[in-house]
Novice: 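Sharing a structure below in structure tokens format, with a few things to ask.
One-based numbering, in listed order, for ligands and for the atoms of each. As a basis for the values below, the full set of heavy atoms in this structure was taken, side chains included, without hydrogen atoms, waters or symmetry mates.
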Amino acid sequence: MAVLVAGGAGYIGSHISIELLNNNKEVVIVDSLMNSNEDVIKNIENITNKKVKFYSLNMINEDELEKVFKDNNIESVIHLAGLKAVGESVKKPLEYYYNNLVITLNLLRIMKKYNCNKFVFSSSATVYGQPKTVPIKEDFPLSTTNPYGTTKLMIERILKDLYNSDNSFRIVMLRYFNPIGAHESGLIGENPNGIPNNLMPYITSVASGKLEVLNIFGNDYNTKDGTGVRDYIHVVDLAKGHIKALEKIEKDDGIFVYNLGSGRGYSVLELVNTFEKVNNVKVNYKFTDRRPGDIAECYADISKAEKELNWKPTKTLEDMCRDSWNFIKNSK
Ligand code: UFG
């Protein structure tokens, strides 16, 4: 009996695969390698001293994906595959809707055919749109501001409809806040191609001299120091949340939704200052205009996940900054 990790060679998927192997699960990874490479699979095996079965394929191809279910006894699926750049999704909406929706539909249709009924979906805090208050709870109103976010929300709705039509499905939707950090080995982490969109990879690129200066998008927000506030969570804590989500649906029937964050809000400046301090490096920055679509403050109420999943993040902001930098130094 194996767990299929769709998108398992990516930044978050690779950390989840490590946690699954550490919990003695058999792991099958499917990944298009669009945003990663096969070395990640070797590193997962080196870290855990265990083997994974890897398929390099694009899930748009239903026949190839079905072969994975034919060849293996897949008991449950963790689905993280998809296009994920917010800005790009505004420019290429058709690509985002086609890719993210069709691969998910292919996966669910094949699961139904093979009587595989346990599904964990990687959703996002982006489904809360512009929240009126913080901390954000799971029952807050949902809306989106870009096509990427809309694909996440549409998939959540598809999953609800699927469950209503067939309650043998057991589903968990996990709404991630801002994952950063890396595996403590320094072998697995986030190192996107090209100019990074997100804050931490931008910070590490400036610290390593790849980019000259970090643009801090706005210092006139109504926050503690004027810069944007987000809920950063260590990717290993996030990955552990998936193990707990699987345990939940191994035990209970139903469809569930949880926020996965640290439950704390940190400003851009706090993150930059902590990064500089724990790593003893300089990050040049300047203030620029606000980034269109950004909100002032976004952090999670994580009490539902703490209570129902028996999960609690344990890593500090210092750990996150240290591990992010350790991975970059190690991969140079
Ligand atoms: N920021 C900068 N400069 C940069 C990049 C970011 O100042 O170069 C600031 C942003 O304005 C924001 C904070 O850093 O205040 C975090 O920005 P990120 O781009 O790292 O993350 P976001 O919170 O904007 O977006 C993330 C994910 C999305 C997801 C969203 C859900 O990247 O995929 O959280 O809340 F949809």
Novice: Are any of the N or O atoms of Y176 closer than 3.5 Å to those of ligand 1?
Specialist: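 In fact, backbone or side chain, Y176 has no N or O that close.
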
Novice: Tell me which protein heavy atom sits closest to atom 10 (C) of ligand 1, plus the residue, atom name and distance to 0.1 Å.
Specialist: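 Its nearest protein heavy-atom neighbour is D294 OD2, 3.4 Å.
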
Novice: Taking N117 for its side chain and R170 for its backbone only, find out whether a donor-acceptor pair lies under 3.5 Å.
Specialist: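 Looks like no, no N/O pair under 3.5 Å.
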
Novice: Would you check if the distance from the ring center of Y176 to the ring center of H242 is below 6.0 Å?
Specialist: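 Close enough - the centres of the two rings lie under 6.0 Å apart.
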
Novice: Is R290 close enough and on-axis enough to Y221, meaning under 6.0 Å and within 45°, for cation-pi?
Specialist: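 Here R290 passes the 6.0 Å and 45° test against Y221.
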
Novice: Report, in ascending order of atom number, the atoms of ligand 1 lying under 4.0 Å from any heavy atom of G228.
Specialist: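 Those atoms are 15 (O).
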
Novice: I'd like to check whether K84 has a polar contact with ligand 1, where a contact means an N/O of the residue lying under 3.5 Å from an N/O of the ligand.
Specialist: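 No, there is no polar N/O contact under 3.5 Å.
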
Novice: Nearest to atom 23 (O) of ligand 1, what protein heavy atom do you find, and at what distance?
Specialist: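 Looking at atom 23 (O) of ligand 1, the protein heavy atom closest to it is R230 NE, 2.7 Å.
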
Novice: In Å and rounded to the nearest 0.5 Å, what is the CD to CG distance from E270 to L317?
Specialist: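 Rounded to the nearest 0.5 Å, the CD-CG separation comes out at 8.0 Å.
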
Novice: Which pair of non-hydrogen atoms, one from S185 and one from I47, has the smallest distance, and what is that distance?
Specialist: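 For S185 and I47, the tightest heavy-atom pair comes out as OG-CD1, 3.3 Å.
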
Novice: Identify which of Y148, Y202, F217 has a heavy atom lying nearest to atom 4 (C) of ligand 1.
Specialist: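 Shortest heavy-atom distance from atom 4 (C) of ligand 1: F217.
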
Novice: Answer side chain, backbone, both or neither: which part of Y232 comes under 4.0 Å from ligand 1, heavy atoms only.
Specialist: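 It is the side chain that gets close, since no backbone atom is under 4.0 Å.
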
Novice: Indicate yes or no: at least one non-hydrogen side-chain atom of V272 is less than 4.5 angstrom from one of Y285.
Specialist: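 In short, these two side chains touch, coming nearer than 4.5 Å.
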
Novice: For atom 35 (O) of ligand 1, what is the nearest protein heavy atom, given as residue, atom name and distance?
Specialist: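 Answer for atom 35 (O) of ligand 1: A125 CB, 3.5 Å.
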
Novice: Return the option from I295, V272, N178 holding the heavy atom at the smallest distance from atom 34 (O) of ligand 1.
Specialist: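 Selected option, by shortest heavy-atom distance: N178.
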
Novice: Heavy atoms only: give me the nearest C298-V134 pair and the separation to one decimal.
Specialist: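 Scanning both residues, the minimum pair turns out to be CA-CG1, 4.1 Å.
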
Novice: Does a side-chain heavy-atom distance below 4.5 Å link N191 with I328?
Specialist: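 Touching, per the 4.5 Å side-chain cut-off.
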
Novice: Which heavy-atom pair separates F275 from V281 by the least distance, and what is that distance?
Specialist: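 Where F275 meets V281 most closely, the heavy atoms are CE2-CG2, 3.6 Å.
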
Novice: Where does N197 meet ligand 1, judged by heavy-atom distances below 4.0 Å: at the side chain, the backbone, both, or neither?
Specialist: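 Backbone only.
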
Novice: Just need the protein heavy atom nearest to atom 14 (O) of ligand 1, so name the residue and atom and give the distance.
Specialist: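 For this ligand atom, the closest protein heavy atom is L199 CD2, 3.4 Å.
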
Novice: For atom 36 (F) of ligand 1, which protein heavy atom lies nearest, and how many Å away is it?
Specialist: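 Here the closest protein heavy atom is T126 CB, 3.0 Å.
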
Novice: Run the numbers for me: atoms of ligand 1, each under 4.0 Å from some heavy atom of S124, listed by number.
Specialist: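 Those qualifying, in numeric order: 29 (C), 31 (C), 36 (F).
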
Novice: What protein heavy atom lies closest to atom 9 (C) of ligand 1? Include the residue and the distance to one decimal.
Specialist: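 The answer is V268 CG2, 3.7 Å.
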
Novice: Return yes or no for this condition: an N or O of N198 is under 3.5 Å from an N or O of ligand 1.
Specialist: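 There is such a contact, yes.
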
Novice: F256 ring centre to K248 NZ or CZ under 6.0 Å, with the angle to the axis within 45°?
Specialist: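 That pair qualifies as a cation-pi contact.
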
Novice: Which residue holds the protein heavy atom closest to atom 3 (N) of ligand 1, what is that atom called, and what is the gap in Å?
Specialist: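 For this ligand atom, the closest protein heavy atom is N215 O, 2.7 Å.
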
Novice: Give the residue and atom name of whichever protein heavy atom lies nearest to atom 28 (C) of ligand 1, and the separation in Å to one decimal.
Specialist: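 Answer, as residue, atom name and distance: V86 CG2, 4.1 Å.
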
Novice: Taking 4.0 angstrom as the limit and counting only heavy atoms of R291, give me the atoms of ligand 1 inside it, by number and element.
Specialist: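 What qualifies from ligand 1 is 10 (C), 17 (O), 18 (P), 19 (O), 24 (O).
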
Novice: Assess whether side chain to side chain donor-acceptor pair (under 3.5 Å) is satisfied between H183 and D323, documenting all intermediate values.
Specialist: CA-CA 7 Å; H183 192 263; D323 291 342; over 6 Å; no

